[in-house]
There are 2 protein chains.
Amino acid sequence: MTTIHDVARVAGVSISTVSYALSGKRSITESTRRRVEAAVRELDYRPNAGARMLAGRRTYIFAVTEPLRADTYEPAHMAFVLATATAARTYDYDVLLLTQDEATGGLSRVTSSRLVDGIIVLDVLREDERADLVRSLDIPSVLIGVPDDTAGLVCVDLDFEAVGRMALDRLADAGHRTVTLLGQPQAVYDRGSNFPPRLRDAFLARAAERGIDAAFHAVEREPSDMRARLATLLDADTPPTGVVFHCEEQQQTTALELLAERGVAVPGEMSIVSAAPTFPTSGFRPPLDRIPLVPAYTCGRAVELAINQIAGSVEPRVELVPPTYEDHGSVAPLPAA
Amino acid sequence: MTTIHDVARVAGVSISTVSYALSGKRSITESTRRRVEAAVRELDYRPNAGARMLAGRRTYIFAVTEPLRADTYEPAHMAFVLATATAARTYDYDVLLLTQDEATGGLSRVTSSRLVDGIIVLDVLREDERADLVRSLDIPSVLIGVPDDTAGLVCVDLDFEAVGRMALDRLADAGHRTVTLLGQPQAVYDRGSNFPPRLRDAFLARAAERGIDAAFHAVEREPSDMRARLATLLDADTPPTGVVFHCEEQQQTTALELLAERGVAVPGEMSIVSAAPTFPTSGFRPPLDRIPLVPAYTCGRAVELAINQIAGSVEPRVELVPPTYEDHGSVAPLPAA
DNA sequence: CTGAAAGCGCTTACAG
DNA sequence: CTGAAAGCGCTTACAG
């Protein structure tokens with residue numbers, strides 16, 4: 001194994017100079033820096049991680065806690081894990097994955113053994129024991145999501161309430177007076193997931209403000225449930241003319257298939273907005289307007305805040321990322337009755 | 001921070017005794033072991049990870065490389081990551097997650113910096129650059145999956161060929177002469193995923209051996225594709241009386257829905273086997289026989305082999321886990337014509 | 001059965 | 001701008 005001593009010898013300098021040349025923590029003559037770099041390349045030197053951790057009190061590892069509950073497959077979770085790992089790498093950080101059974105125990109363990117410099121908490125519940133733990137842990141931590149009690153926490157998330165309002169406003173502005181939000185499976189709301197109720201409640205509250213007739217329905221994973229739900233809506237006395245999806249890709253494509261089968265024109269007879277999807281909706285038939293959930297941005301910001309905490313200190317806060325509206329032509333003015 | 005010196009002082013022993021008491025690497029008087037353990041508990045001591053790595057030349061971390069390609073959502077991947085993490089913890093190991101862009105670069109990096117003791121490779125392609133890298137890396141590594149060239153590698157996987165044969169045999173033994181395998185999206189086969197072709201080819205080869213009329217079709221993710229595909233099959237001159245699914249949950253439920261809509265009795269008129277699902281099929285209507293893919297077992301064995309490699313040496317090998325058949329009543333004898 | 005000590009490979013004050 | 005040296009907190013021969 002090649003060590004810093006080998007590099008120092010080849011470059012003809014001391015090991016401290018090698019260390020500083022690599023870290024940039026003190027100024028180095030251009031020529032010696034180049035010699036060090038050449039030696040590093042020649043020997044293919046890579047600092048020993050354990051030694052670096054021990055001497056430098058920095059591990060360059062984040063713990064990422066994502067329960068990955070066996071029952072909830074949501075691919076969106078994978079997207080957040082991926083985005084967090086990618087963002088971490090831009091700061092030379094790796095991610096250690098902590099799952100369900102290691103949720104709190106694992107966090108305590110990796111924190112007190114100084115295995116990680118910080119914690120990123122994913123899939124935050126409204127009441128989440130990891131939030132309480134993190135509050136007590138005195139280690140840089142960022143939650144991606146907003147629990148009910150945010151005291152003392154640093155949280156980053158898409159502003160799901162703004163998403164709900166934006167979707168409602170878009171439809172209402174186009175003249176729609178009867179709208180429906182088709183959401184996630186009921187279990188997601190029951191389990192205490194933080195963002196689906198935020199979106200739902202803001203949607204309904206805005207509708208009430210504007211005097212719009214709005215309804216909400218949870219939709220299960222089986223395609224049959226979306227079909228049944230949508231069929232019931234279409235067959236009602238006053239069917240909605242605007243629909244907002246806050247469900248997964250399969251549900252949305254199933255709904256579009258049913259609408260096509262029944263000859264309901266989108267947006268002619270039914271305007272649709274896809275709220276907070278992690279997937280593209282421009283390939284749907286027809287393409288759907290969407291207010292995207294952007295894991296890369298949210299996770300990037302979360303990692304940035306964690307890095308800032310490691311460097312200095314960051315005030316507790318809830319940072320909500322404002323949503324943006326992508327028009328793909330699936331909302332049209334309500335035709336005159 | 002509490003260190004081993006604190007524990008030693010409180011327990012009234014030397015730090016080496018503390019270390020040995022904790023690792024069990026030399027025999028300790030029962031009474032001193034108890035005093036050490038009491039001190040550890042009292043101080044809530046946890047060995048410093050960096051120091052442990054440096055002095056012990058063991059990091060207790062596995063690198064898990066799972067590309068998590070943004071385009072392939074397959075929830076099964078999440079199940080394997082989860083199962084690997086869980087299995088690792090049973091040996092006191094944590095997992096560092098390496099994704100797509102860090103596939104080979106990341107593996108080299110964490111290996112040469114001695115950040116990890118071993119590598120678990122997930123989502124193996126038939127020709128996988130990670131396999132070549134791992135071969136050259138001289139670090140304990142296990143592939144979950146079987147690339148085309150397995151020379152010098154330790155691989156563990158479900159025996160997908162046996163799965164294909166088992167499914168065919170079950171249907172053929174029940175008298176079915178025309179059978180169809182409905183597989184994954186075409187892109188999965190094109191991308192070079194290792195197991196779908198293995199299952200498919202063994203299925204077709206066994207059918208040829210036994211003189212069964214067998215066909216294969218890739219099925220895309222959109223429910224409409226499964227519907228169209230299945231409708232075409234049902235409307236054919238000689239429709240299959242036996243079907244094997246090697247596709248995701250949504251596709252399978254969609255297919256069952258269509259069969260119900262068209263009044264095709266399962267297993268009365270159509271026998272079905274679900275091949276290599278990670279999800280339960282007993283809740284389907286009707287419940288389906290399955291030959292399950294068991295990530296917990298496969299990943300458990302992979303981790304075990306990695307641990308064995310760390311402890312000593314393990315010969316290169318391909319370990320194929322024999323499949324088991326779960327009968328839920330979805331295969332019936334072919335009714336007399 | 002136990003202890004004193006060397007050493008793992010770095011980082012970072014401390015000097016010059 | 002650079003070097004010699006202390007020290008990070010463990011593990012593990014080496015002694016007894």
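Chain A is the first sequence line, chain B the second, and so forth, proteins listed ahead of strands; every chain is numbered from 1. Bear in mind that the values here come from a model prediction, so they are computed numbers and not experimental data.
- In this structure, A:M53 places its CE atom 17 Å from C1' of D:dT11, rounding to the nearest Å.
- Of the two residues near DNA chain C, B:R33 and A:T3, the one whose nearest nucleotide lies more 5' is B:R33.
- The salt bridge (charged side-chain N to carboxylate O under 4.0 Å, His left out) analysis of residues 11-21 of chain A, with sequence neighbours excluded, yields no pairs.
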Pairs under 3.5 Å (N/O, protein and nucleotides 12-16 of chain C):
from	atom 1	to	atom 2	distance (Å)
C:dT12	OP1	A:K25	NZ	3.4
C:dT12	OP2	A:K25	NZ	3.0
C:dA13	N7	A:Y20	OH	3.2
C:dA13	N6	A:Y20	OH	3.4

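- If you measure from atom CG of A:L54 to atom P of C:dG9, you get 12 Å, rounded to the nearest angstrom.
- Using a 3.5 Å distance cut-off with no hydrogens or angles, the side chains of B:S31 and B:T29 do not pair a donor with an acceptor.
- Across the protein-nucleic acid pair, B:E30 atom CD and C:dC1 atom P stand 11 Å apart, rounded to whole Å.
- Between B:T2 and B:D44, every side-chain heavy-atom pair lies at or beyond the 4.5 Å cut-off.
- Distance from the side chain of A:M1 is smallest to C:dG9 among D:dG3, C:dG9, C:dT2.
- Figure legend: cation-pi geometry between B:R58 and B:Y60, with NZ or CZ positioned under 6.0 Å from the six-membered ring centre and within 45° of its axis.
- The residue among B:S31 and A:P47 whose nearest nucleotide of DNA chain C lies closer to the 5′ end is B:S31.
- Counting heavy-atom neighbours within 6.0 Å of B:R126 CZ, excluding the residue itself, gives a total of 12 or less.
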Canonical and wobble pairing (Watson-Crick, G-U, under 3.5 Å) of DNA chain D, dot-bracket with |: |||.||||||||.|||
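- Among B:L293, B:V321, B:L320, the single residue meeting the side chain to side chain contact (heavy atoms under 4.5 Å, CB included) criterion with B:F160 is B:L293.
- Nearest to the side chain of B:S14, among C:dG3, C:dG9, C:dT11, sits C:dG3.
- Between the CZ atom of A:R58 and the P atom of C:dT11 there is a distance of 12 Å, rounded to whole Å.
- Rounded to whole angstrom, the span from the OH atom of A:Y60 across to the C1' atom of C:dC10 amounts to 12 Å.
- Residues that satisfy the salt bridge (Lys or Arg N to Asp or Glu O under 4.0 Å) test with B:E315, not counting sequence neighbours, are absent from this structure.
- The B:I4 side chain lies nearest to D:dC10 when the options are C:dC10, C:dT2, D:dC10.
- Atom CG in A:D117 sits roughly 19 Å away from atom P in D:dC8 (whole-Å rounding).
- Applying the salt bridge (charged side-chain N to carboxylate O under 4.0 Å, His left out) test to pairs two or more places apart or on separate chains, those with a residue in residues 4-22 of chain A are A:D6-A:R9.
- When the side-chain hydrogen bond (donor to acceptor under 3.5 Å, both in side chains) test is applied to B:E102, the partners found at least two apart in sequence or on another chain are A:R89, B:R109.
- When the side-chain nitrogen and oxygen atoms of A:Y45 are compared with OP1 and OP2 of C:dC10, one or more of them lie within a distance under 4.0 Å.
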